[in-house]
Amino acid sequence: QVQLVESGGGLVQAGGSLRLSCAASGRTFSGYAMGWFRRAPGKEREFVAVISSSGGTTYYADSVKGRFTISRDNAKNTVYLQMNSLKPEDTAVYYCGRRNGPPSSTSPRSYDFWGQGTQVTVSS
């Protein structure tokens, strides 16, 4: 069984920064790509970023490209999401997930384990 625990959310003013962390249990963390998704009130869960198992490849949603950076430390079983230049529309609950299959890294259906989420609120 894999457990994912997010942390680092909070309230920040527009233009500010936050760093989210997702700590994973289990010895197979380094064998899987990991992704971040978010769900804003009244909206479906949407893709934010994904990182390959080695950390060598990343991919971002257009809405966060250039502002967010995903990274991972396989020695610590942790994936991060550095969020800069935050905007009110970034307000959401942020979830990390472990990718384990099709159809694509941007689809929640490709992820088999999820954390409980961490709230990010950006005030204008």
Side-chain angles (χ1 to χ4, degrees):
Q1 187 73 7
V2 174
Q3 287 189 322
L4 303 175
V5 179
E6 300 98 335
S7 61
L11 173 64
V12 64
Q13 289 187 331
S17 298
L18 283 174
R19 188 194 197 202
L20 306 183
S21 298
C22 172
S25 65
R27 293 176 291 177
T28 61
F29 174 79
S30 61
Y32 294 88
M34 298 292 294
W36 284 96
F37 285 70
R38 65 187 181 187
R39 177 177 284 160
K43 296 187 177 181
E44 294 187 352
R45 189 173 299 197
E46 68 168 352
F47 168 77
V48 174
V50 64
I51 188 166
S52 63
S53 57
S54 67
T57 301
T58 58
Y59 181 72
Y60 298 91
D62 287 343
S63 58
V64 307
K65 199 174 297 181
R67 300 188 298 122
F68 291 11
T69 302
I70 188 171
S71 62
R72 66 191 296 163
D73 185 339
N74 285 342
K76 295 182 178 179
N77 279 12
T78 302
V79 62
Y80 305 97
L81 186 67
Q82 177 67 43
M83 306 186 295
N84 299 329
S85 302
L86 282 161
K87 304 175 181 179
E89 50 263 44
D90 294 318
T91 295
V93 178
Y94 283 71
Y95 301 88
C96 67
R98 188 184 80 166
R99 188 186 175 189
N100 189 25
S104 76
S105 59
T106 62
S107 170
R109 293 185 288 122
S110 297
Y111 294 76
D112 58 355
F113 288 99
W114 295 94
Q116 82 290 345
T118 185
Q119 176 70 48
V120 172
T121 304
V122 184
S123 63
S124 57

Sidechain N-carboxylate O distance under 4.0 Å for R38, E46: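 Between E46 and R38 there is a salt bridge, with a charged N closer than 4.0 Å to a carboxylate O.
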D90 and R67 ion-paired at < 4.0 Å: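 A salt bridge links D90 with R67.
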Could you report the tightest heavy-atom contact between [X] and [Y], atom names first, then the distance?
X	Y	value
R98	D112	NH2-OD2, 2.6 Å
V93	G117	CG1-CA, 3.8 Å
G31	S53	C-CB, 3.7 Å

[Y] and [X], any side-chain heavy atoms less than 4.5 Å apart:
X	Y	value
R72	Y80	no
K87	V122	no
C22	Y95	no
R45	W114	yes
F29	N74	yes
S123	P88	no
V120	L20	yes
V64	M83	no

Listed once per pair and sorted, the salt bridge (charged side-chain N to carboxylate O under 4.0 Å, His left out) pairs that draw on residues 5-17, sequence neighbours left out: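 Applying salt bridge (charged side-chain N to carboxylate O under 4.0 Å, His left out) to every pair that reaches into residues 5-17, excluding sequence neighbours, yields nothing.
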Heavy atoms from other residues, nucleotides or ligands near NZ of K43 exceed 12 (cutoff 6.0 Å):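 No.
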Q119 atom CD, over 12 foreign heavy atoms within 6.0 Å: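 Yes.
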Should [X] and [Y] be regarded as members of a common hydrophobic cluster, given that ILVMFWY residues are connected when their side-chain heavy atoms come within less than 4.5 Å of each other, either directly or indirectly?
X	Y	result
Y111	L4	no
L81	Y59	no
Y60	I51	yes
V12	V48	yes

F47 ring center near F37 ring center (under 6.0 Å):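 Yes: the rings meet the under 6.0 Å criterion.
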Side chain to side chain contact (heavy atoms under 4.5 Å, CB included) evaluation trace for Q82 with S71: CA-CA 8 Å; Q82 177 67 43; S71 62; over 6 Å; no
Check: D73/T78 side-chain N/O donor and acceptor closer than 3.5 Å: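 T78 and D73 do not have a side-chain donor-acceptor pair below 3.5 Å.
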Exam field: side chain S63 to backbone A61, donor-acceptor pair closer than 3.5 Å: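 Such a contact is absent between S63 side chain and A61 backbone.
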Check: G101 main-chain N/O paired with R99 side-chain donor or acceptor under 3.5 Å: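 Judged by distance alone, yes, a pair lies under 3.5 Å.
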From OG (S25) to CD (Q1), nearest 0.5 Å: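 Rounded to the nearest 0.5 Å, the OG-CD separation comes to 8.0 Å.
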Parallel, tilted or perpendicular: ring planes of Y94 versus F68, cut at 30 and 60 degrees: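 Plane angle between 30° and 60°, so tilted.
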Candidates L86, T121, T118 - the one meeting side-chain contact (heavy atoms from CB on, under 4.5 Å) with L18: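 Looking at L86, T121, T118, the match for L18 under the side-chain contact (heavy atoms from CB on, under 4.5 Å) is L86.
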Side chain to side chain contact (heavy atoms under 4.5 Å, CB included) evaluation trace for V2 with Y32: CA-CA 12 Å; V2 174; Y32 294 88; over 6 Å; no
